2 protein chains.
Amino acid sequence: MASTRTRTAGTKGVPRAEREEQLLTAAVEEFGRRGYGGASMAAIAERVGVTKPLLYQYFGSKDALYAAALERVAGSLTRALTAALAPGVTSLGTPLSVLGAIFTTLEGRRHAWFVLYDRTLPAAGALREAAERHRAAIDVLAAAGSAEFLAARGIADPLDSDALKHLWTGTVSTLVTWWIHHPGESAQEMAERCRRLITAIVA
Amino acid sequence: MASTRTRTAGTKGVPRAEREEQLLTAAVEEFGRRGYGGASMAAIAERVGVTKPLLYQYFGSKDALYAAALERVAGSLTRALTAALAPGVTSLGTPLSVLGAIFTTLEGRRHAWFVLYDRTLPAAGALREAAERHRAAIDVLAAAGSAEFLAARGIADPLDSDALKHLWTGTVSTLVTWWIHHPGESAQEMAERCRRLITAIVA
DNA sequence: CAGTGAACTGACCTCGGGGTCAGTTCACCC
DNA sequence: GGGTGAACTGACCCCGAGGTCAGTTCACTG
């Protein structure tokens, strides 16, 4: 007679590795959308059709889950960017190929970008440091480009160069935000639009 | 013998108008720093040396306080920008004077900008709408400039123009963020630095 | 078919933050 | 000097979110 009762506890046949994968994907989405503070563990679990305790059993804590999400996003982004920068083309085409790589990587998970660039993170704490460390790894690439860009125009002030670097990463954030508000736009279309805008601005 | 006891309740001689002023200033600072979700009413009250109930007696609710903070920031910003745009100089010097006006307005309360541009606001709700309404009033100015800029370069796509508008407001946010991280920089120095960078980019 | 371990949950604890109430102290005015 | 109202607080309620525990169901193996 136990058959009439709707099953509650008990395995659903999903192995741990696969479930972790699903949960991590949900975490990236949720953290990216609401930020660290705004996201709730229950909501992340529910996205996968599972409850909090399992999420905690697999990831330990909210901080650890965020760290894992950060690792994943930063990893794929860093890989894509170093690949895009490999050719060594140091002209003005570089930022375009960087944008293309970012859009392609983010296609289907556009909010992921904001796991890396989360203004919600508590000012003090290991999480903030981890995020900054990952960002730094990416910013190094932008820093070189910025300094070179300015040097070619006769500006050597290191603070100017630093500001330009921030301007660039900020621009990427802005573009991703705009992209999120225009879901119909594909990665290719975005890249094309950016090519048009950048050439218009710099020309 | 009541004199030995440290006073707790009872007026401190600060009239309501003045206290509201102090609380509003504290709210702008706190909301700008931590975002709507991250800021706490108790912290805002404590900044002024007062407790929660008084804050609630004067402003009613967290939403109402945020709305008031929004109103104040948007008001001073809109005033400063329309004044800066009044001369009608439609050359490339316009964005520079806009930046100058913004930096001057924000001097001493740099975080205030992020009350207007708060990524933490709940997606649904009157607060989000209010913020967007105030932003729109400012964006109108940016929109005209963006369209004009692109038209002069032979681009008429309205989506391109919209994207450029976002790019511009995003750039301002990025610059303010950088400014916050460099407290020594004065508003004038920031304006000068931006002049250098923008001419380098566009030239 | 009994035993084992992995997958999974309901119910609970705790703590911080929004919001409220019943006051208490003070300044001012007659 | 007593009354009135404004300025102000300690203590409280409630809820949502992080985190935990004691299980329950299932697949797999001997």
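Nothing here was measured: the structure is a model prediction, and the numbers come from that model. Below, chains carry the letters A, B, ... as their sequence lines are ordered, and counting in each starts from 1.
Relative to the ring axis of Phe31(A), Lys62(A) does not place its NZ or CZ within 45° and under 6.0 Å from the centre. Taking the ring axis of Tyr58(A) as reference, the NZ or CZ atom of Arg19(A) does not stay both within 45° of it and closer than 6.0 Å to the ring centre.
In this structure a side-chain-to-backbone donor-acceptor pair under 3.5 Å is present from Arg110(B) to Trp179(B). A donor-acceptor pair under 3.5 Å links the side-chain atoms of Glu107(B) to the main chain of Ala187(B), judged by distance alone. No donor-acceptor pair under 3.5 Å is formed between the side chain of Asp160(B) and the backbone N or O of Leu150(B).
Within residues 28-46 of chain A, the residues having any heavy atom closer than 4.0 Å to DNA chain D are, in order of number, Ala39(A), Ser40(A), Met41(A).
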- Query: What string of B, S and - do you get for nucleotides 1-15 of chain C, 5' to 3', if B is base contact, S is sugar-phosphate-only contact and - is no contact with any protein heavy atom under 4.0 Å?
  - Reply: ------BBBB-----

- Message: Run the salt bridge (charged side-chain N to carboxylate O under 4.0 Å, His left out) test on Arg34(B) and Glu29(B) for me, step by step, so that the C-alpha distance in whole Å, both residues' side-chain angles and the decisive distance to 0.1 Å come before the verdict.
- Response: CA-CA 9 Å; Arg34(B) 333 245 183 221; Glu29(B) 179 74 14; over 6 Å; no

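Defined by atom type and a distance below 3.5 Å, a donor-acceptor pair is missing between the side-chain atoms of Trp168(A) and Ser146(A). One side chain, Asp118(B) or Thr120(B), offers a donor N or O that lies under 3.5 Å from an acceptor on the other.
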- How does DNA chain C look in dot-bracket notation if pairs are Watson-Crick or G-U with both distances under 3.5 Å, crossing ones as [ ], other-strand ones as |? ||||||||||||||||||||||||||||||

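Here NE2 of His134(B) is found 11.0 Å from CG of Leu77(B). Values are rounded to the nearest 0.5 Å.
Aromatic ring pairs are classed by plane angle as parallel below 30°, tilted from 30° to 60° and perpendicular above 60°; the pair His181(B) and His166(A) is tilted.
Asp63(B) places its CG atom 7 Å from the P atom of dG19(C), with the value rounded to the nearest Å.
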